[in-house]
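Read the structure below first, then the notes.
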Amino acid sequence: MKKTLGLVLGLFLIFGLLACTLTEHEPDIVAMRGLVKRVVPQYAKYIVLEQLPSDSVDRFELESKGRKLIIRGNNANSMAVGLNHYLKYYCLAQYSWFKEEPLEVPSVMPKVPNKVSLQARVPERFFLNYCTYGYTMPWWNWEQWEHFIDWMALQGINLPLAITGQEAVWYEVWSEMGLTDEEIRSYFTGPAHLPWHRMQNIDRWGGPLPMGWLENQKELQKKIVARERELNMKPVLPGFAGHVPPCIKRIHPDAPLASLGDWAGFDTTCWCQFLDPESPLYAEIQKRFIEKEIEMFGTDHIYGIDIFNEMIPPSWEPEYLGRVSRQVYESLVAADPEATWLEMTWLFWNERQYWEVDNRIEAYITSMPKEQRLLLDYYCERQPVWERTNAYYGVPYIWCYLGNFGGNSMLAGNLDTVNVRIERAFEHGGSNFAGIGSTLEGFDCNPFMYEYVFEKAWNNPLTKDVSAWVERLADQRAGKVDDAMRAAWKLLADSVYNKVSSPGQMVRINQRPTMGEYHQYYIAPTYRYSNIVLLDVLDNLLAAGSESRTRHFDIVNITRQLLGNWFGDLYADYVKAYKEKDYDHMRELEQRMTTILDDTDSLLATESAFLLGRWIRDARAIGTTDDEKDYYESNARNLITTWGEDDALLNEYGSRAWAGLTATYYAYRWREFFKDVNAAVEAGKPFDEKAFHDRICRYEGQWWRERIGSFSAVPMGDGVAIARKIAEKYRSELIERYKK
């Protein structure tokens, strides 16, 4: 009897150990174990991962047992959200989307006093925008991508846009169709401008694209999609949208091409050609591209195809629009029968005067099976298009927060409105409301807004109470409960973070100086709160008893905005004084403004997120020869300044409050402006704004073409100490101005 009992117990022990061994080798457990070791290696041996049964709803559980933290989830992605929940709400720590900013956690793991169980409210969580690949990611290496993919997993993102490396696919497709190396690489734009080439906006600008770039990005994309799939993400790969090189006519003279015309003022050599999907050639190219792409990168059968983004279709007839979209779909499923077509709906808002007539939207989006279509409602914090289109007539869609244009450095966000509008989508958005996402154009200085959006995708009750959520955010920024930090963030949430972002948001420092004769198209240096609020916020941040890196970022970020707002108000005084011929006051204002420029650059130099040197370092690192390195740097400088040719329509659209850029580009322009105005006043002549404008435009071109200045990629100085000095230096003037 004892032998039998011993045998049974032994078998149970063996089977138990075997079950544990098998569980530990489950792909989701293995992937999550790797993420834990990358994110919190110091906690790794105390974290136990357990897989819940797979079902239709993503969910996770957290529980402490002794010194161990148990994280359970139905897949690795859900477990990652569980880990992030633990980091944020128990460790009071935030994992930054910037690789240079380390995670700061307590030396002893906090316990979870009561078991936590949360589940996703929507199946799809989308992230990224074509533009992000230009304004933020063009120069990233694998280490930066690896860190960022971990960040996406922690936010629960499972539908990332994955468009890196597609030029390598196109190179092979066009080569096999008979185009030459020169024809193909000259058709591509420079690296930072590729998003707009991919969206059928521009060709050729900044090309030809080096062959080394194509190879580099192809290998990078293989790593990106492999890691994303390990973490239960479905990478959204590109499909063929009809964009073809004009020289395809050399091979197919009868191809029905239509010019999509002008975009942002680029000349006719940059205009894109659209191949009518009615042509058999369209389906042939789609099949070639999809097959080649799958061969290189695999597929999850979701493809981003945007036909007329910010462009005018060859015809506005509903029959034409319906026919074109149906044929694009047919070409896609012929290449991949399991395909889902994902498309952004920015065009329905941006060109609404055309789309919102004659049932054009309905004709365009309902001409194919709804279950194989997925729309991104792109700018819902300002205008949810689902509310203007009868919930997209039943076509599945994702509610998206945009939040940033051009990567501009500007405090912006509308927490309360985002909360209300997401909840309204849950209540009234229809059964085809499929997910929550974000379509930011560039990483910016308001990262918490995106984290809030993705937390809304889970049934965390805190997200429905913005005040409570902000209070916990303050704790995470401090790394502990701190009354001063909470007071600072309450002020920010109540006054600053309640307005929608808009294109061209920047401080006046970044604007090309003018007396009013020359206005740039994308310039919106306005703010809708009292600037004294930021001084009060800064005082609270400086009083906080925390040395966290997130507090450092907040102090630099708030001080940067405080100075930028004040500079803009002084500029308005300066223009007024000039018109009133109050030259003594002009000189006083000039002195203050130039001092602010110097202080701003010194402050920005202390924070890694605000360094021009990092952007240029990463661009040059991709080159394998000096010529290539110079080429990439020039392209990197161009995007964040003139964007295209000198004095282009998009000039300054990608402006940044960055150290180095402020000193050698923005400050130079302002000093030259003051010099020319003073010379005119002393000569008793009107300021010749045209002459100044032309000379500064030449300098702007020199700055990116000739690579004026060299810049540190490493933070320098103590940002907290500099911000404290700035607050004391300007306090009385700020109070006198803004507390009137």
Q119 and W458 side chains, donor-acceptor separation under 3.5 Å: no
Whether W386 and Y397 hold their rings parallel, tilted or perpendicular, with breakpoints at 30° and 60°: parallel
Non-hydrogen side-chain atoms of N309 and N201 separated by less than 4.5 Å: yes
From CA spacing to verdict: salt bridge (charged side-chain N to carboxylate O under 4.0 Å, His left out), K234, E124: CA-CA 10 Å; K234 298 170 289 187; E124 308 293 356; 3.1 Å; yes
N158 side-chain N/O to P123 backbone N/O, donor-acceptor pair under 3.5 Å: yes
Crowding at NZ, K292 (>12 non-hydrogen neighbours, <6.0 Å): yes
Check: W196 ring centroid to Y130 ring centroid under 6.0 Å: no
Aromatic ring pairing W316/W355, orientation class (parallel under 30°, perpendicular over 60°, tilted between): perpendicular
Ring centres under 6.0 angstrom apart (W271, W205): no
Side chain to side chain donor-acceptor pair (under 3.5 Å) evaluation trace for D336 with Y303: CA-CA 10 Å; D336 180 354; Y303 303 94; 2.7 Å; yes
Pair H197 + F188: ring centers closer than 6.0 Å: yes
Under 3.5 Å: donor-acceptor pair, side chain of D377, backbone of V385: yes
Of V470, L415, V453, L492, the residue whose pairing with F448 passes side-chain contact (heavy atoms from CB on, under 4.5 Å): L415
Any donor-acceptor pair under 3.5 Å from D465 side chain to A468 backbone: yes
Minimum-distance pair of heavy atoms, taken over all atoms of D300 and M233: OD2-O, 4.3 Å
Polar contact flag, side-chain donor to acceptor under 3.5 angstrom, N651-Q520: yes
From CA spacing to verdict: side chain to side chain donor-acceptor pair (under 3.5 Å), N419, K456: CA-CA 8 Å; N419 180 35; K456 291 291 292 180; 2.6 Å; yes
Backbone of Y354 reached by a side-chain donor or acceptor of R360 within 3.5 Å: yes
Student check: side-chain heavy atoms of E381 and Y379 closer than 4.5 Å: yes
Distance-only donor-acceptor check, side chains N75 and D58, under 3.5 Å: yes
Pairs flagged by salt bridge (charged side-chain N to carboxylate O under 4.0 Å, His left out) wherever residues 271-286 is involved - sequence neighbours left out: D276-R323, E278-R323, E284-R288
W151 and F454 aromatic ring geometry - parallel, tilted or perpendicular at 30°/60° bounds: perpendicular
Between CG on residue L375 and OG1 on residue T345, distance to nearest 0.5 Å: 6.5 Å
Backbone of L321 reached by a side-chain donor or acceptor of S325 within 3.5 Å: yes
Close side-chain approach of V418 and W399, heavy atoms under 4.5 Å: yes
V236 vs L159 side-chain heavy atoms within contact, under 4.5 Å: yes
Polar contact flag, side-chain donor to acceptor under 3.5 angstrom, E652-Y522: no
Steps toward salt bridge (charged side-chain N to carboxylate O under 4.0 Å, His left out) verdict (K218, E167): CA-CA 8 Å; K218 178 174 71 174; E167 285 68 38; over 6 Å; no
Validation row: R125, N77 side chains within 4.5 angstrom (heavy atoms): yes
Check: Y378 ring centroid to F348 ring centroid under 6.0 Å: no
Residues, nucleotides or ligands: over 12 heavy atoms within 6.0 Å of Y521 OH: no
Aromatic ring proximity, centroids under 6.0 angstrom, Y133 and H193: no
Side chain to side chain donor-acceptor pair (under 3.5 Å) between N129 and E441, intermediate numbers included: CA-CA 6 Å; N129 179 322; E441 287 194 355; 4.8 Å; no
Nearest heavy-atom neighbours spanning L332 and A339: CG-CB, 3.6 Å
Evaluation steps, side-chain contact (heavy atoms from CB on, under 4.5 Å), between E228 and M152: CA-CA 9 Å; E228 289 176 345; M152 287 199 292; 3.5 Å; yes
Smallest separation among heavy atoms of R656 and G407, with atom names: CD-O, 3.0 Å
Nearest heavy atoms of A391 and G429, plus distance in Å: CB-O, 3.7 Å
Ring geometry between W346 and F405 (parallel below 30°, tilted from 30 to 60°, perpendicular above 60°): tilted
Polar side-chain atom of T164 near backbone of Q221 as donor-acceptor pair, under 3.5 Å: no
R382 backbone acceptor or donor facing R421 side chain under 3.5 Å: yes
side-chain contact (heavy atoms from CB on, under 4.5 Å) assessment of N414 paired with K499: CA-CA 5 Å; N414 51 338; K499 295 292 186 298; 5.7 Å; no
Whether W489 and Y497 hold their rings parallel, tilted or perpendicular, with breakpoints at 30° and 60°: parallel
Any Y452 side-chain heavy atom under 4.5 Å of V466 side chain: yes
Close side-chain approach of Y89 to N460, heavy-atom, < 4.5 Å: yes
Test of ring centre spacing under 6.0 Å for Y187 and W170: no
Residue pair Q200 / D306: nearest heavy atoms and the distance that separates them: NE2-O, 3.4 Å
Mutual orientation of the aromatic rings belonging to Y450 and W97 [parallel < 30°, tilted 30-60°, perpendicular > 60°]: tilted
CD1-NE2 distance between I285 and H243, expressed to the nearest 0.5 angstrom: 11.5 Å
Parallel, tilted or perpendicular: ring planes of Y282 versus F240, cut at 30 and 60 degrees: tilted
Residues, nucleotides or ligands: over 12 heavy atoms within 6.0 Å of Y393 OH: yes
E172/M296 under side-chain contact (heavy atoms from CB on, under 4.5 Å): CA gap, chis, key distance, verdict: CA-CA 11 Å; E172 291 197 16; M296 285 190 193; 3.3 Å; yes
Verdict with supporting geometry, W341 and Q372, side chain to side chain donor-acceptor pair (under 3.5 Å): CA-CA 6 Å; W341 173 7; Q372 289 185 274; over 6 Å; no
Taking every non-hydrogen atom, the tightest pair across A80 and A153: CB-O, 3.4 Å
Atom pair CD1 (I312) and CD (E310), whose distance is rounded to the nearest 0.5 Å: 10.5 Å
Sub-4.5 Å side-chain heavy-atom contact between I163 and L237: no
